[in-house]
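Only this structure's heavy atoms are used, side chains among them; waters, hydrogens and symmetry mates stay out. This is a predicted model, so every value here is computed, not measured. For reference, positions follow the sequence shown, starting with 1.
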Amino acid sequence: MGPTSARKDVKKVVLAYSGGLDTSVILRWLQNTYGCEVVTFTADLGQGEELEPARKKAEMFGVKEIFVEDLRETFVKDFVFPMFRANTLYEGQYLLGTSIARPLIAQRQIEIAEAVGADAVAHGATGKGNDQVRFELAYYALKPDITVIAPWREWDLTSRTRLLAFAEENQIPIAKDKRGEAPFSVDANLLHSSSEGKVLEDPAVAPEEIVFQRTISPEAAPDKPTEITIDFVSGDPVAINGVAMSPATLLTRLNELGKENGIGRLDMVENRFVGMKSRGIYETPGGTILLTAHRSMESITLDREAMHLKDSLMPRYASILYNGLWFSPERRMLQALIDASQHSVTGRVRLKLYKGNVICVGRESPNSLYDARVVTFEDDEGAYNQQDAQGFIKLNALRLRLGAQIGRKGGAL
């Protein structure tokens with residue numbers, strides 16, 4: 001259904017609403033353009049902002065059905081932790097802080113749409129980014145007949161000047177800091193903050209310290225390392241320094257520890273799903289600690305081939321999440337495999353946090369596959385027969401020897 005025909009039919013739309021200038025303009029634009037009732041949904045995913053002003057703004061626009069929900073625990077338990085079981089990194093670096101938040105927001109929008117009888121949903125993502133794809137793939141996977149409104153792909157408010165003019169014409173409050181050009185764009189949740197655009201668009205220019213939202217610089221971090229323990233049960237962290245915590249509380253504490261020690265900064269040029277390269281400044285303090293801790297726990301509890309298989313699938317899993325396909329059969333298939341690998345990933349990891357570094361200094365588990373009797377350099381009292389290695393090596397060398405005998409020495413083709 002195209003925009004023109006959709007405008008005739010839409011009666012009620014659920015808008016993902018932050019309360020900021022852009023989504024406030026979208027709210028009024030929807031009312032003016034579609035003549036429909038707008039329902040607002042504002043999610044607290046740990047972005048660190050007060051959300052009640054969003055409710056008051058929505059009331060000011062005459063919105064009758066307003067949803068403001070604290071989803072931090074759901075976000076971490078059902079989205080962040082399953083992703084971390086896979087040690088997920090996109091293009092070897094990015095911990096997917098923005099990507100993993102979109103399916104939850106989209107899921108709640110659809111649930112609200114069904115609860116209030118809305119026939120459309122709307123988001124504030126632009127036509128150049130990944131988020132439009134992530135939101136809309138999730139919408140269609142959960143409600144295939146839903147009408148999706150993407151104002152940035154429809155309206156003629158193509159400049160900041162036009163946006164501000166529309167806001168003034170429609171009595172939309174404009175914060176003083178929004179009158180001038182914001183130096184960069186920020187997205188944040190409990191897992192990370194992301195800064196991009198404008199002053200950050202030249203990848204050859206280092207970001208100034210003002211860009212960083214969640215971490216102090218490694219140079220300013222304490223000269224003494226912070227030592228902590230993290231306990232895992234079946235692949236998920238459950239306690240810090242022996243104190244049991246809920247998922248969101250635990251990630252919040254790791255964020256604090258990471259911030260204090262200058263951990264989790266990333267300056268990356270990535271390949272967007274829509275085809276272009278973009279430069280982003282990411283801060284994932286707690287997630288960076290968690291990644292090292294989880295891999296360290298797996299190092300003594302996972303079978304070698306299970307670990308290697310899991311590692312080989314991780315880039316595919318990361319691309320699926322980055323591209324917005326959380327609600328897809330392939331993600332569910334991979335998640336089942338990943339989750340099955342985590343049953344024995346239980347125990348304690350000891351870490352040192354120091355000036356941007358996360359260093360594992362100890363790990364222990366009741367399910368450990370590490371056997372000191374077998375690996376020791378001292379007398380193993382017959383636990384391992386070194387003579388067995390001779391046949392093992394010869395069998396693995398057989399194809400190489402046969403190749404060399406006919407002139408293909410050193411693996412030559």
I230 side chain near R350 side chain, heavy-atom distance below 4.5 Å: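 I230 vs R350: side chains apart.
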Using only heavy-atom distances, determine whether the side chains of [X] and [Y] contain a donor-acceptor pair under 3.5 Å.
X: S278; Y: R272; result: yes
X: D187; Y: S194; result: no
X: Y282; Y: E270; result: yes
X: H123; Y: E136; result: yes
X: S99; Y: R134; result: yes

Closest approach of [X] and [Y], non-hydrogen atoms and distance?
X: T23; Y: S18; answer: OG1-OG, 3.0 Å
X: W326; Y: R331; answer: O-NE, 2.9 Å
X: A106; Y: F135; answer: CB-O, 4.0 Å

Which atom pairs, one a donor and one an acceptor, fall under 3.5 Å between side chains of residues 252-261 and the rest of the protein, sequence neighbours left out?
unit_1 : atom_1 : unit_2 : atom_2 : d
T252   : OG1    : A248   : O      : 2.7
R253   : NH1    : E256   : OE1    : 2.9
N255   : OD1    : G286   : N      : 2.9
N255   : ND2    : L190   : O      : 2.8
N255   : ND2    : L251   : O      : 3.4
N261   : OD1    : T226   : OG1    : 3.4
N261   : ND2    : T226   : OG1    : 3.4
N261   : ND2    : L257   : O      : 2.9

Polar side-chain atom of [X] near backbone of [Y] as donor-acceptor pair, under 3.5 Å:
X: D70; Y: R72; value: yes
X: E201; Y: K198; value: yes
X: S217; Y: A220; value: yes
X: E69; Y: D44; value: no
X: R279; Y: L200; value: yes
X: E283; Y: R214; value: yes
X: N189; Y: L45; value: no

Near-ring test Y17/F41, centroid separation under 6.0 angstrom: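 They do not qualify: ring centres at least 6.0 Å apart.
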T40 and its side-chain contact (heavy atoms from CB on, under 4.5 Å) partner, picked from I112, L27, V68: L27
Geometric cation-pi criterion R265 and F212, 6.0 Å radius, 45° cone: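 Ring-cation test returns yes.
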Is it true that [X] and [Y] make a salt bridge, defined as a side-chain N closer than 4.0 Å to a carboxylate O?
X: R316; Y: E330; value: no
X: D119; Y: K143; value: no
X: K12; Y: E65; value: yes

Contacts of Y322 that satisfy ring pair (Phe, Tyr, Trp, His ring centres under 6.0 Å) - sequence neighbours left out: Y90
Listed pairs under 3.5 Å, donor-acceptor, residues 386-406 side chains, sequence neighbours left out:
unit_1 : atom_1 : unit_2 : atom_2 : d
N396   : ND2    : F392   : O      : 2.9

Member of H294, K77, R85 meeting the side chain to side chain donor-acceptor pair (under 3.5 Å) criterion with D236: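 Exactly one pass, corresponding to R85.
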